[in-house]
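Proteins come first, then strands; the chains are lettered A, B, ... in the order of their sequence lines, and each starts at number 1.
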Amino acid sequence: MLEVNNLSLSFTQYQRGLKQKNIQVISDLSLSIQEGEILAVVGSSGSGKSLLAHAILGILPKNASLSGRLYYGGQELTAKRQKELRGKEIAFIPQSVNFLDPLMQIGQQVRTSSQVGSEKGIAKGKGGEKEKDRDRDREKGRVKDRAKDKGREKQRKIFDRYELDYDVENYYPFQISGGMARRVLVASAVVGGPKLIIADEPTPGLHHEVVKEALGHLRELADEGTAIMLITHDIATALEVADRIAVFYAGTIVEIAWASEFTDHGDKLRHPYTKALWMALPQNGFLPILGRQPSPSEPPPGCLFQPRCSLSSKSSSTNNSSCSQEAPVMRELRSGKVRCHFAT
Amino acid sequence: MSETKALRITNKVKGLSHLLTINRRKGTLLMIFSALFFFTGIILMSLFIGDERLATNFDAKNLPPSFMNPFGTDWLGRDMFARTMKGLSLSIFIGLIASCASVLVALLLGLTAALMGKVVDSIISWFIDLFLGVPHLVALILISFTLGGGVKGVIIGVAVTHWPSLARVIRAEVMQLRSAEFVLVSRQMGKGPWWIATHHILPHLIPQLLVGFVLLFPHAILHEAAITFLGFGLSPHQPAIGIILSESMKYLATGLWWLAFFPGLCLLIIVRAFDMLGDNLRLLIDPHNAHD
Amino acid sequence: MPFCDLKLKIFFFRYGKGPWILEDYDLELKSGEVVGLSGPSGIGKSTLARILAGYVLPYKGSVRLQGKDLPRKGFNPVQLVFQHPEKAVNPRWQLEKTLNEGWTPDEELLESLGIEKAWLKRWPNELSGGELQRFCVARALSPATRFLIADEMTTMLDAITQAQLWHAVLERAEKNNMAVLVISHDGPLLERLCHRIIDFTRTNH
């Protein structure tokens, strides 16, 4: 469905004064999502995983430069295709409720995305007929009306699905509660019938029940065949719905594991960072490890995790030097992927 | 060997092109320097040109522009170049003082509106709306006229009419800062209001004040020229741009085009230079496109 | 360290002329205890935290420290740490100044919080949220702090940083006989940290 190959992303930013500096945010990142699957990208906040979403959607700011390749449905995802598919086949569920237009009624907001798609479809069907201009104009008007009705019908169906009253159609965003606003966000992403949904932290700081509901919506969509990329910093949340977990560390993905492998002491996991992350959860060991994530602009030599790694310090000195000299590449391991010299 | 050499050369070329490429910050700095150069040029020129060049000289009246008199001479044989330079430097001087005063007034009123409570805020907001509602020029003429015209009248007139929009910006900024979490925390850390104002709030206002100042400057100069032109500003014996322009109007019909053309062009260049400077500065401190 | 207690009694609270947010609520914190406060979002937990730390006054009610009102001047013995560290540090200050705003944290604390020397000369936009939050925590953990209110302090952080920060905070709290109120929606976290947990939904309505 979606394939990301060796994606790197950097920004030019001003330092103090006139110097512009290149800031690396994502380096050499690869992943893929299948139909009907939820892939969770888990990493600490502010580490650039949101920018991965922006890169796939093609909404990066001007000072960003991108390398690597994106494929969607087997074909390369160019900037032009991104623009065509965005909001239709590829939908986005943003982190913040502030993404709703404060001056537009809810019903209309949800309809806008669906209308664009359906109008096009109907116009195409009529394209072959040859009629006089006047007839065509009248026909056009009718088509528009029909498209409008269809849009409303579609939107009402979605409203039914997410238990939103039809009254809500006429409300403005400030009139609805936070939980309802979340449902509206999901509704407007889903109304166009997308094949790929990218959800960026859809449950920030919400109570367990609300989180469960939101995640339940995602699971349902995936079960209907939609591919979903769930971006979050909260591994416990991700584990509740995701099929696979991609662990994001210092600008790249260090492991792709199955959600079912996060059990007990994490013995089935591949990368030492993933294990540490799992064991740091309050319901597990609540064990911290020393150090901090390096910035992708100033990576340590060799493996990104080497300065904090238990595997690297435990192994013999010859092994150790390969960790500090040579960056490991992503490799297949036990039906998952890992970026480590010694993972078994 | 040759490869490394080639590499070094390309690196050098890269370094050079890095120096040569103009990003927006460099462009802005370039503009600041050229504007400053222009101003100091005018001021120095007006200092070096003695008053004797302003004296009447009936041997050389109504001369078109030439090498000796680049801007020509007027009907009394005065060198127009000297008059223009003197006039412009007077304008710059008045503009500087007036916009400084204006910025100060804006800062003071903006701060008091934001910090002194609701009553004071609504009074000051009312004044802001009042002053924004009256056309600048009308207010300026009234104030300058009541104060008896002259340099004092013009400066005070500009200062008391140009503060409102900046004051409004500052008021909004301070209000936002006042409820910012880092300011609230600072109070919990035991810092007093004065400490918070000078350490937290003022540093955030300086860029606003700077941009406000730069954008006010052309206004001040133009308005000074305008009310002088209309006869409510500086007295006719001062070599002000407004005086030059209004006098030259009488002679335009007789074909002495240079009397108005060169002084007018210089005024336009100064005003545009400062205006562009202000716009660039504003873009630069705007976080949304600070990195373009 | 002397024993302290903090009593909160709210009859009513609202912002301006808005709807009533809190009604009839009591809370008591004693030195040395770690108390959890859980409940769904939007129910007034953050407002409660702000009232406790003296950021806002209860419309009708009181916050009493040892039977007295909170001091209006000087260092507040009740310190609050927010969810978003980016907003709680001045973006135009080097972090050294932010760190030392209330007191000068000792080396030991910096080390246990994982604050690196090199960060002190950095500007806030150069560090990540997790790194900034360490500074906010260090700033609040003065010996004069008797009560620490952590309002979703580690919600935005990854599990490893979360564990690291809480270990440091609990260690310091024990040393200074300080009380900690942990406000969070994360059940397992509260169970791991707290001596007792208050369910805000049940006590409030």
Using non-hydrogen atoms only, which part of [X] is less than 4.5 Å away from chain A: side chain, backbone, both, or neither?
| X | value |
| --- | --- |
| C:L127 | neither |
| C:E191 | neither |
| C:E86 | neither |

**Prompt:** CD1 of A:I289 to CD of C:Q164: how many Å apart, nearest 0.5 Å?
**Reply:**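 It comes to 8.5 Å.
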**Message:** How long is the straight-line distance from CZ of A:F248 back to CG of C:D158, given to the nearest 0.5 Å?
**Reply:**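 So the gap between those two atoms works out to 12.5 Å.
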**Message:** Counting heavy-atom pairs closer than 4.5 Å to chain C, which one of A:Q293, A:M279, A:R292, A:Q283 comes out on top?
**Reply:**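 Most pairs with chain C among the choices: A:R292.
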**Request:** May I ask you to decide if A:L287's main-chain N or O and C:H167's side chain share a donor-acceptor pair within less than 3.5 Å?
**Result:**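 Checked: no pair found.
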**Prompt:** Would you say C:R192's side chain and A:N284's backbone share a donor-acceptor pair under 3.5 angstrom?
**Reply:**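 Yes, C:R192 side chain to A:N284 backbone: donor-acceptor pair under 3.5 Å.
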To check you understand the geometry: which heavy-atom pair defines the closest contact between [X] and [Y], and what is its length?
| X | Y | result |
| --- | --- | --- |
| A:P282 | C:D186 | CG-OD2, 4.3 Å |
| C:A163 | A:A280 | CB-O, 3.9 Å |
| A:L277 | C:A159 | O-CB, 3.8 Å |

**Request:** Only counting residues at least two apart or in another chain, list the ones meeting side chain to side chain contact (heavy atoms under 4.5 Å, CB included) with C:D151.
**Result:**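 Checked C:D151 against side chain to side chain contact (heavy atoms under 4.5 Å, CB included); matches are C:S46, C:A49, C:L80, C:I183.
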**Heavy atoms of other groups near C:H195 NE2, more than 12 under 6.0 Å** =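 It does: C:H195 NE2 has more than 12 such atoms within range.
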**Prompt:** Is atom CD of C:E174 surrounded by more than 12 heavy atoms (other residues, nucleotides or ligands) closer than 6.0 Å?
**Reply:**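 Result for CD/C:E174: open.
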**Prompt:** Under the side-chain contact (heavy atoms from CB on, under 4.5 Å) criterion, do C:T161 and A:H233 qualify, and how do the steps go?
**Reply:** CA-CA 11 Å; C:T161 314; A:H233 71 277; over 6 Å; no
**Item:** Part of A:I235 within contact of chain C (heavy atom distance under 4.5 Å)
**Value:**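 It is neither, since no heavy atom gets under 4.5 Å.
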